[in-house]
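Residues: numbered from 1 along the sequence shown.
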Amino acid sequence: MKKRTIVKSTILISLFTIFIKLLGLIKQTLMASFCGASLSTDAFYISTGVIGQIIMILFSSLSVTLLTMYNEEKAKSGDEKANKFINTVLNVLLPVSLICAFIFYFASPLVAKFLAPSYSPSELKILTDYIKIVSIAFVPWCYYLTLNVVLESNKIFLPGRFQGFFQNIFLIVVILFFFNSLGAVSLVYAFLFSGVAEAVLITIIARKEIKLTFKNNFDKEKLKKLLILSVPLIIGNATSEINDIIDKQIATGIGVGTTSLLTYSGTLNEIITGVVLSSISIVLFSHFSTWVSENKIDLLKNNLVKYITVIIFFILPVMVIFITNGDNIISLIYGHGSLSTGDLEKIYVMLIGYVLGFIFQATRNIFAKALYALQDTKTPMYNGIICVVINATLSIWLSKYFGVIGITISTSIAMVIGTIILYIALKKKIPGFSFYKEKNEYFKLLFASTITLIILFVCKQYVVANNFINLFVSAFICIICYILILILLHSKNISYIFSLLKSKLYKTKNKNI
């Protein structure tokens, strides 16, 4: 029953996440067409990106630990005491978020100078003003990330994903109707109000699960435990987000507009990793923490191997499409406005650097979630520190010789090394955990994707049409070749997916009868 719940929840969230990512593509297409790559768009991406990352470092990290503790409290003491604990945490974190907002608001000139050291005084003034506006987002984001723990514990996952929906919708509206008259500052306000909208939505839905109170019933011991467990997680996540901050900082020194181009490329990267990480990892982490609290470690071990194998099965053909037809994808999305042909080529080259790390980005995140469920927050923290050192060192070095693609390749290399280290750590934590038994399956997946890659490169020389037709034909050939090869190789993933579809069809047929 739990496996069906995982699959159903994952499919539902994946579909909604894909919808959000499609909205994100529309938003980025409009950004590229109406706004281009300029100082103001650079300042928008730096301010919203960095402040958003800092918020996630602090409060998303706390919510991960909070979910585990909340599940524990529910199992031991019931819903009433667990909800009392959430109210206690809210009463502490909301004032903290307000303090953070004040700090970043008044320290915005120093923050701007740190983020863009190569900017002139007039350029820094624009970035400073944007940071002041975005700093207010600390409060609504803290509120909804904390309260969303109650929903995720009850396996209600969709409301927490609406932040991306609101952000994309608000930005699309602003770009179409307000950008020409108000400029890039309107984009910053759209980003801020999307967090407010998400906080309102979470409040309405969570009222069915929890009664919000603002009494000072602080449980110092639980709060202390939350803080102790969260500090390594915060540091670990901070190192991950610092990677992106460093990348943007290096990009500002390469030239005006480079940060925007890097962000446009990163958006395509997030379409894949975002769909995987935002759906599968969220659902799995909730179940991971439940299994650990019930001492069902074997269930955790088996599902961890199974679902990562399924992730690799789906990501490999996507990597093939991005490598062979990334230029067509970028032209379709960004080739309609202010960006030049040279800009589009730069985005494609940067994208290839990200594509090389697709699998490792997804796998490393799920490994970390498994360790969090086991209440080991220190290992991901050390892992994150290692990754940020590797990324920063390689980014500075490789960007000197290869430009911006050196930044994206460095990110992928750091992900590869980080994934290997976390895998070793999990083998020590979970007895018998190993991917060795699946080695034949991985060989089949790799073989099928390699042959498909070669076929697509050959076909691309003969299929000459517009970008959409080229992409459509390539995607069709990719899927057919990939699946046929795996069928001939008797892949477990093909058998698993066919059996899942068969059971769903059989279930639907019985309902109709």
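- With ring centers used as reference points, F322 lies 6.0 Å or more from Y354.
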Start with the C-alpha distance between F367 and F360, add both sets of side-chain angles, then the distance that settles ring-ring contact (aromatic ring centres under 6.0 Å, His included), and finish with yes or no. CA-CA 10 Å; F367 282 167; F360 299 98; over 10 Å; no
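- Sorted by first then second residue, the salt bridge (Lys or Arg N to Asp or Glu O under 4.0 Å) pairs that include residues 314-327, not counting sequence neighbours, are D327-K460.
- S63 places no side-chain N or O within donor-acceptor distance of the main-chain N or O of V149, the cut-off being under 3.5 Å.
- At least one donor-acceptor pair under 3.5 Å links the side chain of S399 to the backbone N or O of I396.
- Between L456 and I321 the shortest side-chain heavy-atom distance falls below 4.5 Å.
- For the atom pair CG (L486) and CG (L445), the distance works out to 5.5 Å, reported to the nearest 0.5 Å.
- Aromatic ring pairs are classed by plane angle as parallel below 30°, tilted from 30° to 60° and perpendicular above 60°; the pair W397 and Y401 is perpendicular.
- Figure legend: cation-pi geometry between K439 and Y442 absent, as NZ or CZ is not positioned both under 6.0 Å from the six-membered ring centre and within 45° of its axis.
- Contact of the M56 side chain with the W141 side chain is registered, since non-hydrogen atoms from C-beta on lie closer than 4.5 Å.
- Within the model, atoms CG of L145 and CD of E198 stand 8.5 Å from one another, a figure rounded to the nearest 0.5 Å.
- A perpendicular orientation is assigned to the rings of F162 and F165, their planes being inclined by more than 60° (bins at 30° and 60°).
- The OG atom of S331 lies 10.5 Å from the OH atom of Y348; values are rounded to the nearest 0.5 Å.
- Within the 3.5 Å criterion, the main-chain N or O of Y144 finds no donor-acceptor partner in the side chain of N148.
- When atom types are taken as modelled, the side chain of S265 and the backbone of L351 share a donor-acceptor pair closer than 3.5 angstrom.
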Between T146 and L62, does a side-chain contact (heavy atoms from CB on, under 4.5 Å) hold up when you go through it step by step? CA-CA 8 Å; T146 304; L62 283 164; over 6 Å; no
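- When atom types are taken as modelled, the side chain of S449 and the backbone of L446 share a donor-acceptor pair closer than 3.5 angstrom.
- In the displayed structure, F402 atom CZ is contacted under 6.0 Å by at most 12 heavy atoms of other residues, nucleotides or ligands.
- For the residue pair G357 and S412, the shortest heavy atom distance occurs at N-OG, 3.2 Å.
- Once rounded to the nearest 0.5 Å, the distance linking OH of Y307 with OG1 of T363 reads 15.5 Å.
- Side-chain atoms of Y334 never come within 3.5 Å of backbone atoms of D343 as a donor-acceptor pair (strictly under, hydrogens ignored).
- Remark: the backbone N or O of I20 is paired with a side-chain donor or acceptor of N168 at under 3.5 angstrom.
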Go through the steps for T309 and E441 under the test side chain to side chain donor-acceptor pair (under 3.5 Å), then give the verdict. CA-CA 8 Å; T309 304; E441 183 65 19; over 6 Å; no
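- Atom CZ of F472 is separated from atom CG of N325 by 13.0 Å, given to the nearest 0.5 angstrom.
- Aromatic ring centres of F191 and F170 lie farther apart than the 6.0 Å criterion allows.
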Can I311 and I366 be said to form a side-chain contact (heavy atoms from CB on, under 4.5 Å), step by step? CA-CA 10 Å; I311 288 169; I366 293 175; 3.0 Å; yes
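- Expressed to the nearest 0.5 Å, how far OG1 of T408 lies from CG of L356 amounts to 8.0 Å.
- More than 12 non-hydrogen atoms from other residues, nucleotides or ligands lie less than 6.0 angstrom from CZ of F435.
- Here salt bridge (Lys or Arg N to Asp or Glu O under 4.0 Å) pairs that include residues 466-494, with residues two or more places apart or in two chains, are E438-K492.
- Of all heavy-atom pairs between I315 and A362, the closest is CD1-CB, 4.0 Å.
- A donor-acceptor contact shorter than 3.5 Å links the side chain of N383 to the backbone of G418.
- Applying the salt bridge (Lys or Arg N to Asp or Glu O under 4.0 Å) test to every pair with at least one member in residues 415-431, sequence neighbours left out, gives these pairs: D376-K429.
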Tell me, with the steps shown, if S410 and N391 meet side chain to side chain donor-acceptor pair (under 3.5 Å). CA-CA 5 Å; S410 299; N391 180 67; 5.0 Å; no
